[in-house]
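Remember, it's 1-based here, ligands and their atoms both numbered in the order they're listed. Being a predicted model, the structure only gives us computed values, none of them experimental.
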Amino acid sequence: MRADVQRVTVLGAGSWGTAFAKVLGDAGRDVTMWARREQVAADIRERHANSAYLPGVGLPERITATADPAEALDGAEAVVLAVPSQSLRANLSEWRPLLPADTILVSLAKGVELGTLKRMSEVIAEIAGIPAGEVVVVTGPNLAKEIAAGQPSASVLACADHERAVAIQRASANSYFRPYTNTDVVGCELGGACKNVIALSTGMAAGLGLGTNTMATLITRGLAEMARLGAKLGADPLTFAGLAGVGDLVATCSSPLSRNRTFGEHLGRGDTLEQAQAAAGGQVAEGVMSCSSIRALAQSLGVDMPITDAMHRVCHEGVDPRQAGAELLGRSQKHEWS
Ligand SMILES: NC(=O)C1=CN([C@@H]2O[C@H](COP(=O)(O)OP(=O)(O)OC[C@H]3O[C@@H](n4cnc5c(N)ncnc54)[C@H](O)[C@@H]3O)[C@@H](O)[C@H]2O)C=CC1
Ligand SMILES: O=C(CO)COP(=O)(O)O
């Protein structure tokens, strides 16, 4: 492993993959992106733009791109995985033979795998055949469009191996992007996955015409339920008060730029799942799948996550958002911290 990472490959040229590649390029790193479509790769390589995902954003000239994964991975000192959570296992299985030895694997995905109920660093470690403690997880309040516009924001780089997190911290810190390290991978990863589900709920509330008190209630009680799950899995409770918890909840649950919040808003206005998916224009709203995997994980551990459960029932069992809201309010009365 190199402490001074210079050559980075980003696999996935969607919104966040591209914005993170820009962060690395602006931090002086040489970046090669892999795009699924040659048209997107050519746009990045020849016009220094990704018009499909980040229209109007100019990319540093030191970023190049290809649709050939072998070419993209050649000589990579760090590999950033920037594909959706539910396809990561299949994608990485294909790429595994091409991964350079000793490269640092970095995960951008915020989700929990359906079926296995694994966090993304666990999936990556399993497929790549490395200890889970070696995967670096990027999370925190990082709406891709704002970062691509050079607006200041902080992030968390979580890894049990502090040196790996520091290597990526050095490679990505720039004048608008301030990454902090953290060794609580469980808490950081759960925060990133769970907040997408809570953002669905705040969007849904907005779609129903509800205001700021409702949003604040969902954010705060969402925080309580993700912290309960984290505690059961050994996370540090302080993590949820940080960028990966409160930070990302505030950004995602309140911003019209969030795909999860927007998805929920469509459902709240009465759109079907298919209509909300069509409106997302092919971009991933991870909470739609993660509400089911996180719910199953919570149930397997006996953890109560009522908002997550409600989102699963609205998205996948046809429950009306108004009915789900009424049921949340109709639950038995409790002490705030029970
Ligand atoms: N967009 C954002 O602001 C942020 C996104 N994230 C997370 O980053 C991850 C990636 O998100 P985005 O780049 O925003 O998503 P996106 O939907 O903008 O792009 C996903 C990329 O993966 C590719 N892709 C989709 N399905 C694929 C498949 N089956 N096989 C191979 N490639 C596939 C797409 O072609 C595209 O290049 C998600 O887990 C998301 O939650 C995290 C922080 C910020
Ligand atoms: O993770 C994000 C911000 O930190 C992006 O959220 P969305 O996927 O909802 O756009």
May I ask whether G111 places a heavy atom under 4.0 Å from ligand 1?
-> no
Quick check: [X] and ligand 1, any N/O pair under 3.5 Å apart?
{"X": "G14", "result": "yes"}
{"X": "V284", "result": "yes"}
{"X": "E286", "result": "yes"}
{"X": "L143", "result": "no"}
{"X": "A13", "result": "yes"}

What residue and atom, counting heavy atoms only, is the protein's closest point to [atom], and at what distance?
{"atom": "atom 30 (N) of ligand 1", "value": "N91 ND2, 3.0 Å"}
{"atom": "atom 12 (P) of ligand 1", "value": "W16 N, 3.7 Å"}
{"atom": "atom 7 (C) of ligand 1", "value": "L108 O, 3.4 Å"}
{"atom": "atom 29 (N) of ligand 1", "value": "S87 CB, 3.3 Å"}

With a 4.0 Å cut-off, would you call [X] and [Y] a salt bridge?
{"X": "D309", "Y": "R295", "answer": "yes"}
{"X": "K110", "Y": "E189", "answer": "no"}
{"X": "E225", "Y": "R221", "answer": "no"}
{"X": "E126", "Y": "R89", "answer": "yes"}
{"X": "D304", "Y": "R331", "answer": "yes"}

Show which atoms of ligand 2 fall inside a sub-4.0 Å distance from at least one heavy-atom site of K110.
-> 1 (O), 2 (C), 3 (C), 4 (O)
Where's the contact between N260 and ligand 2, heavy-atom distance under 4.0 Å: side chain, backbone, both or neither?
-> both
Select one of side chain, backbone, both or neither to describe which atoms of E286 lie under 4.0 Å from any atom of ligand 2, heavy atoms only.
-> neither
If you measure only the distance, is there a donor-acceptor pair under 3.5 Å linking the side chains of E265 and T262?
-> no
Options R36, K110, R37, R259, ranked by nearest heavy atom to atom 33 (C) of ligand 1, top entry = R36
